[in-house]
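Below is one structure; the comments refer to it alone.
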Amino acid sequence: MNRSVYRWSSLILRKMAEEINKSEIRSSPSIIAKSRSLWPSVLRWIPTSTDHIIASEKRLLSLVKTPYVQELVNIGSGPPGSKVRWFRSSSNEPRFINTVTFDSKEGSPTLVMVHGYAASQGFFFKNFDYLANRFKVIAIDQLGWGGSSRPDFTCKSTEETEAWFIDSLEEWRKAKNLSNFILLGHSFGGYVAAKYALKHPEHVQHLILVGTAGLSSESDTTYEWVTRFRATWRGAILSHLWESNFTPQKIIRGLGPWGPDLVRKYTAARFTNRYSPEGVFTEEESRLLSDYVYHTSAAKASGELCLKYIFAFGAFNRALLNRFDTLLH
């Protein structure tokens with residue numbers, strides 16, 4: 001997660017300056033209906049909506065050959081009996097977790113996939129077919145991301161922020177009546193998955209952490225690189241933005257109608273493979289992914305605001321590293 005965050009932020013800042021210079025200046029479509037606009041997309045400063053997110057997800061997942069079912073799982077208005085809610089609201093409005101479940105052979109073990117920061121379940125689209133041959137694959141958008149509900153993020157501490165993700169995941173598990181499943185988390189999703197496994201080990205048969213954030217320490221070479229980078233003027237700026245909770249998504253929204261083009265350029269740069277003439281993705285895959293990334297990034301800020309409460313600049317958090325031995329037993 002570390003260097004990719006910097007590449008993402010640096011690219012966005014550079015492209016934002018270029019654009020400014022150039023311009024000189026489903027089942028329940030009413031879930032986030034309040035965020036919809038009566039203005040047609042072409043007249044909106046931010047050309048996206050809830051419908052756009054759902055439609056872009058369907059287009060991206062049309063590339064997957066394995067049949068799947070998409071649903072919005074009701075997790076209620078808050079975890080029963082919890083002193084720390086995953087959102088703060090006087091309303092009893094229910095919240096939903098966007099979920100896709102892929103067909104599998106009867107008796108296949110269940111694999112639950114949790115995406116990383118600045119992502120959603122569609123980022124796994126290249127993995128679904130392969131995994132569905134061996135598992136019952138269920139992928140979710142975490143609360144505040146993708147096509148899931150996006151409550152106002154008002155957490156003010158690490159405890160509240162972790163509860164936001166862990167408790168909402170647990171309420172989702174209850175609603176789906178799951179137990180004894182394999183839990184896979186990527187990057188920030190790995191951090192959430194590990195924390196969930198620590199709190200609810202009775203439900204997790206196996207834990208798979210892929211490029212997990214929060215397992216780095218000051219002794220790592222990456223930490224040394226981050227320290228040197230922070231000493232530069234670019235590093236100082238990005239460090240200040242990090243502590244100010246200034247996210248890349250805010251820049252995308254600020255660019256308005258120029259946002260989609262910026263995301264397309266980022267996606268092309270991020271997933272270019274110099275060893276393959278067509279890159280990591282085909283032209284169609286890149287186009288559909290860029291469209292999906294834009295709409296899930298430009299929507300209302302919610303889960304993205306968690307970062308400063310979980311990690312110091314550079315995605316370092318020794319709290320998880322120090323408890324890793326617990327996960328191995």
(message) Tell me whether Arg264 forms a cation-pi arrangement with Tyr266, defined as NZ or CZ under 6.0 Å from the six-membered ring centre and within 45 degrees of its axis.
(response)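 Judged by the rule, Arg264 and Tyr266 form no cation-pi pair.
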[X] side chain to [Y] backbone, donor-acceptor under 3.5 Å:
X: Asp129; Y: Lys65; answer: yes
X: Arg95; Y: Gly76; answer: no
X: Glu170; Y: Ile166; answer: no
X: Glu285; Y: Thr282; answer: yes
X: Ser108; Y: Ser104; answer: no
X: Ser149; Y: Phe96; answer: yes
X: Ser56; Y: His52; answer: yes
X: Thr158; Y: Tyr309; answer: yes

(request) Verify whether the ring centers belonging to Tyr191 and Phe165 lie closer than 6.0 Å. (result)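 Between Phe165 and Tyr191, which both carry aromatic rings, the centre distance is not below 6.0 Å.
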(request) May I ask you to check whether Tyr130 and Phe124 place their ring centers less than 6.0 Å from one another? (result)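 Centroid separation for Tyr130 and Phe124: 6.0 Å or greater.
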Sub-4.5 Å side-chain heavy-atom contact between [X] and [Y]:
X: Asp291; Y: Val263; result: no
X: Ile252; Y: Tyr294; result: yes
X: Ile310; Y: Glu162; result: yes
X: Thr212; Y: Ser187; result: no
X: Leu61; Y: Phe128; result: yes
X: Phe135; Y: Phe102; result: no
X: Glu304; Y: Tyr117; result: yes
X: Arg173; Y: Val112; result: no

When rounded to the nearest 0.5 angstrom, what is the spacing between [atom1] in [X] and [atom2] in [Y]?
X: Ser302; Y: Gln249; atom1: OG; atom2: CD; answer: 11.0 Å
X: Tyr196; Y: Leu183; atom1: OH; atom2: CG; answer: 7.5 Å
X: Ser62; Y: Leu288; atom1: OG; atom2: CG; answer: 6.0 Å
X: Lys105; Y: Asn133; atom1: NZ; atom2: CG; answer: 7.0 Å
X: Ser148; Y: Leu72; atom1: OG; atom2: CG; answer: 7.5 Å
X: Thr110; Y: Phe181; atom1: OG1; atom2: CZ; answer: 9.0 Å

What's the shortest heavy-atom distance between [X] and [Y], and which atoms?
X: Thr161; Y: Cys155; answer: OG1-CB, 3.5 Å
X: Ile75; Y: Ser168; answer: CD1-CB, 3.9 Å
X: Val73; Y: Ala175; answer: CG1-CB, 3.5 Å
X: Ile97; Y: Leu143; answer: CD1-N, 3.7 Å
X: Ile53; Y: Arg150; answer: CD1-NH2, 4.3 Å
X: Lys308; Y: Glu243; answer: NZ-O, 3.0 Å

(message) Just to verify, which of Phe281, Tyr68, Tyr292 counts as forming a ring-ring contact (aromatic ring centres under 6.0 Å, His included) with Phe125?
(response)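 The single option meeting the ring-ring contact (aromatic ring centres under 6.0 Å, His included) with Phe125 is Phe281.
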(request) I would like to know whether Gln70 and Glu57 meet side chain to side chain contact (heavy atoms under 4.5 Å, CB included); could you show each step before the answer? (result) CA-CA 10 Å; Gln70 181 268 339; Glu57 177 187 278; 3.5 Å; yes
(request) Under the side-chain hydrogen bond (donor to acceptor under 3.5 Å, both in side chains) rule, what do Gln142 and Gln121 come out as? Steps first, then yes or no, please. (result) CA-CA 8 Å; Gln142 296 193 69; Gln121 52 84 7; over 6 Å; no
(request) Determine, using the 4.5 Å side-chain heavy-atom cutoff (strictly less than), whether Val210 and Ile182 are members of one ILVMFWY cluster. (result)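 As far as the 4.5 Å side-chain criterion goes, Ile182 and Val210 are connected within one cluster.
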(request) Kindly work out whether a path of hydrophobic side-chain contacts (I/L/V/M/F/W/Y, heavy atoms less than 4.5 Å apart) joins Phe311 to Ile237. (result)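 Yes, same cluster.
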No-hydrogen, no-angle side-chain donor-acceptor test under 3.5 Å, [X] and [Y]:
X: Thr296; Y: Trp145; result: no
X: Asn98; Y: Glu71; result: no
X: Ser120; Y: His115; result: no

(request) Applying side chain to side chain contact (heavy atoms under 4.5 Å, CB included), run through Leu60 and Leu289 and close with a yes or a no. (result) CA-CA 6 Å; Leu60 181 62; Leu289 178 61; 4.2 Å; yes
(message) Check this for me, if you would: do Lys265 and Asp261 make a salt bridge, where the nitrogen-to-carboxylate-oxygen distance has to be below 4.0 angstrom?
(response)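 A salt bridge links Lys265 with Asp261.
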(message) What verdict does the salt bridge (charged side-chain N to carboxylate O under 4.0 Å, His left out) test give for Asp103 and Lys136, after you've listed the backbone C-alpha separation in whole Å, the side-chain angles of each residue and the deciding distance to 0.1 Å?
(response) CA-CA 7 Å; Asp103 285 352; Lys136 177 183 179 180; over 6 Å; no
(request) Report the C-alpha distance between Leu111 and Leu131 in whole Å, list the side-chain angles of each, state the deciding distance to 0.1 Å, and finish with yes or no for side chain to side chain contact (heavy atoms under 4.5 Å, CB included). (result) CA-CA 9 Å; Leu111 174 66; Leu131 292 172; 4.0 Å; yes
